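For clarity, every value in this text was computed on a predicted model and none was experimentally measured. By convention in this document, chain letters (A, B, ...) are assigned in the order of the sequence lines, proteins followed by strands, and residues within each chain are numbered from 1.
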Amino acid sequence: MNPADLSQSILSIAVAAVERRGVTGVTLTVDDVLLERPRNRDHGDWASNIAMKLAKLLGVTPRDLANELAGVIGAIAGVASVDVAGPGFINITLDAAAAGALAQTIVEAGPSYGSGTLYDGVTINLEFVSANPTGPIHIGGVRWAAVGDSLARIFRAQGGIVTREYYFNDHGAQIDRFARSLLASYLDEPAPEDGYGGEYISDIAARVLNDYPGNLSNATREQQQETFRAVGVELMFGDIKASLHAFGVVFDVYFHENELHESGAVERAIARLRDLGAIYEADGATWFRSTDYGDDKDRVVIKSDGEAGYISGDLAYYLNKRERGFERNFIMLGADHHGYVRRLMAMTKAFGDEPHVNLEILIGQMVNLVRDGNPHRMSKRAGTVVVLEDLIDAVGADAGRYALVRSSIDSQVDIDLDLWARQTSDNPVFYVQYAHARTRSVAKNAHGSGVDRSAFDPSLLAHPTESILLGVLAEFPRVVRQAAELREPHRVARYAEELAGAYHRWYDACRVTPLGEEEVTDVHRTRLWLNDATGTVLRNALELLGVSAPERM
RNA sequence: GCGCCCGUAGCUCAGCGGAUAGAGCAAUUGACUACGGAUCAAUAGGCCGGGGGUUCAAAUCCCUCCGGGCGCACCA
């Protein structure tokens, strides 16, 4: 008996109750049967508020309706008892066998337990990080590296056809500044006023020379700058890819902005808006009348100097993604870019798509870097960046990813590398990983003592900690689905912590291997199923977070 | 001035209308000649920023005020 089956049964009962009263025009779905695990165990394994939802509709009191439904629910196979409490909650207790059957279901499902069909066959593009190749990825982009990658895994678990994409901004003036900074370093000139400083500039400049020895000194300054631009950007980009890879994040597509400009895609995008009557000329520039589509001001698509405006690349890029067949497109940005949301939604609407469906912008609040409790200002220009490598060196990829993914993107996070490095053992990731390692260790010991999974009698899983553990295991599919719907990977992390806690408490109370000369019984064998089921779910949850599930620690 | 996010235990944060608001860390006290003590048990700690409203039911939804972060370019 899993919660989905139970919800379905209760749904039919509720529908029957509605029909019996001759009330029409009411369509109920499983989502209306809110089945949840009561916080207080005395209230049973599951609770439904369906009676309170339907009472007004049917013109009866919630308690009367609850009592009526409870009688029928009590007859469902596997339900041990039902009672009505408070304003009209229906509290349901499963018999141990029905609840325990889940352990076998999970072990047999293996890696697929927890997956769903929410986005079956839907093409999804996730664009994140997209840091400019003018320096290492700073700590701000790292949050999305962890969260975006996890979201990709969660969407995939819901059947989505997911592409992770990195928008490689190799077109604008920032790249020129980067090239001039490299050249200045090479010529031993001071860094340009509007350029970048810091050690990595001289490092990159030296590596450019290493790749192109000899022929630079007698080139013109323009040729030199072009060489530093082309080679420097490639080197920088290689570094970025390498640090992302070390963090366990691999993109399927690295998209070059230059392509949009060189292929004429930008012109085509603007032409399309012109056809729609959304373009006008003013003050020597060309404008997109985005205010017609909900923006708070119009946007320049071609500046008076003839260069493309910033939004032009986004127009062309969005159309490109749609042409590549992506139904749902996500762009993940920092809070300092939240002002872009309206104009991009206006664009979506202008192109005839549905804002917040075909295009969704996720905004992550700022990541503040703290040094010894004081704010630490980061500046690529001044070279005071803390990079992804620093995080990995300090705490490791697993702990770093977990810490970034376990809180909501709506809240700001402070990273104090010194503190994080010192407190790694306080990171809940170890609590979860340890629980997983423990499941493996228990299984190994069990096999050594002659306990195997040759028998399974779920009615033997009657200890209070077992019914709690089973309840938590049962919730996993819903947690994954909810994380996908709300775009909130942190729910999976919090769930993993809850499951780890329930497992540790069960471990403390119930032995899998017999003690001393004690004989191996079906209790041990059945508990091994439960142990292995927990290991499976912990591994599946960690997998969705991109964090390893170690065999031992 | 306008817009987005946040305000919950000493600290970091969960809790997309449900019952007595939770976890980790920090504090105090217990549990290893028992499958890994990176664990477990227990104690203590809260006008859920303030005030109104909607609802059978509000930390959660709406309004308003206060406090904090971030934005409001023919920059990218």
A.B. asks: Under 3.5 Å for both pairing distances: what stems, at least three Watson-Crick or G-U pairs long, include RNA chain B?
C.D. replies: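 Stems for RNA chain B, defined as runs of 3 or more consecutive pairs: B:1-7 with B:66-72, B:10-13 with B:22-25, B:27-31 with B:39-43, B:49-53 with B:61-65.
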A.B. asks: Pick base, sugar-phosphate or nothing for A:Gln433, based on heavy-atom distances below 4.0 Å to the nucleic acid.
C.D. replies: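 Counting heavy atoms under 4.0 Å across all strands, no contact is made by A:Gln433.
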A.B. asks: Assuming nearest nucleotide by heavy-atom distance, tell me which of A:Asp296 and A:Ala308 is located more 5' along RNA chain B.
C.D. replies: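 Per heavy-atom nearest nucleotide, the more 5' residue is A:Asp296.
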A.B. asks: Examine B:G36: is either OP1 or OP2 under 4.0 Å from a nitrogen or oxygen in the side chain of A:Ser441? Give yes or no.
C.D. replies: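 Looking at the OP1 and OP2 atoms of B:G36, one of them is under 4.0 Å from a side-chain N or O of A:Ser441.
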A.B. asks: When you check the gap from the basic side-chain N to the acidic O, do A:Glu485 and A:Arg481 get nearer than 4.0 Å?
C.D. replies: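 Yes, charged N to carboxylate O under 4.0 Å.
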A.B. asks: Only one of A:Tyr318, A:Tyr254, A:Tyr317, A:Phe128 clears ring pair (Phe, Tyr, Trp, His ring centres under 6.0 Å) with A:Tyr167; which?
C.D. replies: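 For A:Tyr167, the ring pair (Phe, Tyr, Trp, His ring centres under 6.0 Å) test succeeds with only one of A:Tyr318, A:Tyr254, A:Tyr317, A:Phe128, which is A:Tyr317.
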A.B. asks: For the residue pair A:Phe168 and A:Phe255, is the inter-centroid distance of their aromatic rings smaller than 6.0 Å?
C.D. replies: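 Between A:Phe255 and A:Phe168, which both carry aromatic rings, the centre distance is not below 6.0 Å.
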A.B. asks: Looking only at heavy atoms, which two atoms of A:Pro355 and A:Met345 are closest? And how far apart?
C.D. replies: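 Closest approach of A:Pro355 to A:Met345, heavy atoms only: CB-SD, 3.6 Å.
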A.B. asks: Can you figure out which of B:G71, B:G15, B:U39 approaches the side chain of A:Asp336 most closely?
C.D. replies: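 From the listed options, B:G71 comes nearest.
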A.B. asks: For B:C72, take OP1 and OP2 only and decide whether either is under 4.0 Å from a side-chain N or O of A:His337.
C.D. replies: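 Checking A:His337 against B:C72: no side-chain N or O falls below 4.0 Å of OP1 or OP2.
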A.B. asks: Return no unless some side-chain N or O of A:Arg552 is found under 4.0 Å from OP1 or OP2 of B:A38.
C.D. replies: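 No, outside the criterion.
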A.B. asks: Is A:Asp508 salt-bridged to A:Arg511, going by a charged N under 4.0 Å from an acidic O?
C.D. replies: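 Between A:Arg511 and A:Asp508 there is no salt bridge, as every charged N stays at least 4.0 Å from the carboxylate O atoms.
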A.B. asks: Is A:Lys297 close enough to B:C74 that one of its side-chain N or O atoms is under 4.0 Å from OP1 or OP2 there?
C.D. replies: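 Yes, A:Lys297 has a side-chain N/O under 4.0 Å of OP1/OP2 on B:C74.
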A.B. asks: When you match A:Trp506 and A:Ser408 each to their closest nucleotide on RNA chain B, which lands nearer the 5' end?
C.D. replies: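 This one resolves to A:Ser408.
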A.B. asks: Classify the side chain of A:Asn91 and the base of B:A19 as holding, or not holding, a donor-acceptor pair under 3.5 Å.
C.D. replies: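 Looking at the base of B:A19, it does pair with a donor or acceptor on the side chain of A:Asn91 (distance under 3.5 Å).
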A.B. asks: Encode nucleotides 4-9 of chain B as B, S and - characters from 5' to 3', where the letter depends on protein heavy atoms closer than 4.0 Å: B to the base, S only to sugar-phosphate, - to neither.
C.D. replies: BSS---
A.B. asks: Nearest to the side chain of A:Arg438, heavy atoms from C-beta on, is which of B:G18, B:G37, B:C40?
C.D. replies: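 The listed nucleotide nearest to A:Arg438's side chain is B:G37.
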A.B. asks: Calculate the interatomic distance between A:Met345 atom CE and B:G3 atom P; express it in whole Å.
C.D. replies: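 For the pair A:Met345 CE and B:G3 P, the rounded distance is 18 Å.
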A.B. asks: How far does the P atom of B:C11 sit from the matching atom of B:G49, given to the nearest Å?
C.D. replies: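 Those two atoms are separated by 14 Å.
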A.B. asks: What's the closest nucleotide to the A:Asp508 side chain, out of B:C40, B:A34, B:U39?
C.D. replies: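 For the A:Asp508 side chain, the nearest candidate turns out to be B:C40.
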A.B. asks: Could you check which of B:G36, B:A19, B:C74 has an atom nearest any side-chain atom of A:Tyr507?
C.D. replies: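 Nearest to the side chain of A:Tyr507 among the choices is B:G36.
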A.B. asks: Sequence neighbours excluded, which residues qualify as side-chain hydrogen bond (donor to acceptor under 3.5 Å, both in side chains) partners of A:Arg527?
C.D. replies: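 For A:Arg527, the residues satisfying side-chain hydrogen bond (donor to acceptor under 3.5 Å, both in side chains) (neighbours in sequence not counted) are A:Glu466.
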A.B. asks: Please determine whether a side-chain nitrogen of the Lys or Arg among A:Arg406 and A:Glu488 lies less than 4.0 Å from a carboxylate oxygen of the Asp or Glu.
C.D. replies: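 A salt bridge is absent here (no side-chain N lies under 4.0 Å from a carboxylate O).
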A.B. asks: Would you call the rings of A:Tyr503 and A:Trp506 parallel, tilted or perpendicular, taking 30° and 60° as the class edges?
C.D. replies: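 Tilted, since the angle between the ring planes falls between 30° and 60°.
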A.B. asks: Between B:G18, B:G36, B:G15, which nucleotide has the shortest distance from any of its atoms to the side chain of A:Met52?
C.D. replies: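 Output: B:G18.
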A.B. asks: Closer than 4.0 Å, any side-chain N/O of A:Lys303 to the OP1 or OP2 of B:C75?
C.D. replies: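 A:Lys303 to B:C75 OP1/OP2: side-chain N or O found under 4.0 Å.
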A.B. asks: What are the two closest non-hydrogen atoms of A:Phe228 and A:Ala179, and how far apart are they?
C.D. replies: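 Closest approach of A:Phe228 to A:Ala179, heavy atoms only: CB-O, 4.2 Å.
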A.B. asks: Pick base, sugar-phosphate or nothing for A:Arg505, based on heavy-atom distances below 4.0 Å to the nucleic acid.
C.D. replies: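 Touches sugar-phosphate only.
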A.B. asks: Is A:Lys444 salt-bridged to A:Glu551, cutoff N-O under 4.0 Å?
C.D. replies: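 The answer is no: the pair does not qualify as a salt bridge.
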A.B. asks: What nucleic acid atoms does A:Asp283 come within less than 4.0 Å of, heavy atoms only: base, sugar-phosphate, or nothing?
C.D. replies: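 The answer is base, as A:Asp283 lies within the cut-off (heavy atoms under 4.0 Å) of a base atom.
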A.B. asks: With a 4.0 Å limit, can you tell me whether A:Arg491 has a side-chain N or O closer than that to the phosphate oxygens OP1/OP2 of B:G15?
C.D. replies: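 It does, given that an N or O in the side chain of A:Arg491 lies less than 4.0 Å from OP1 or OP2 of B:G15.
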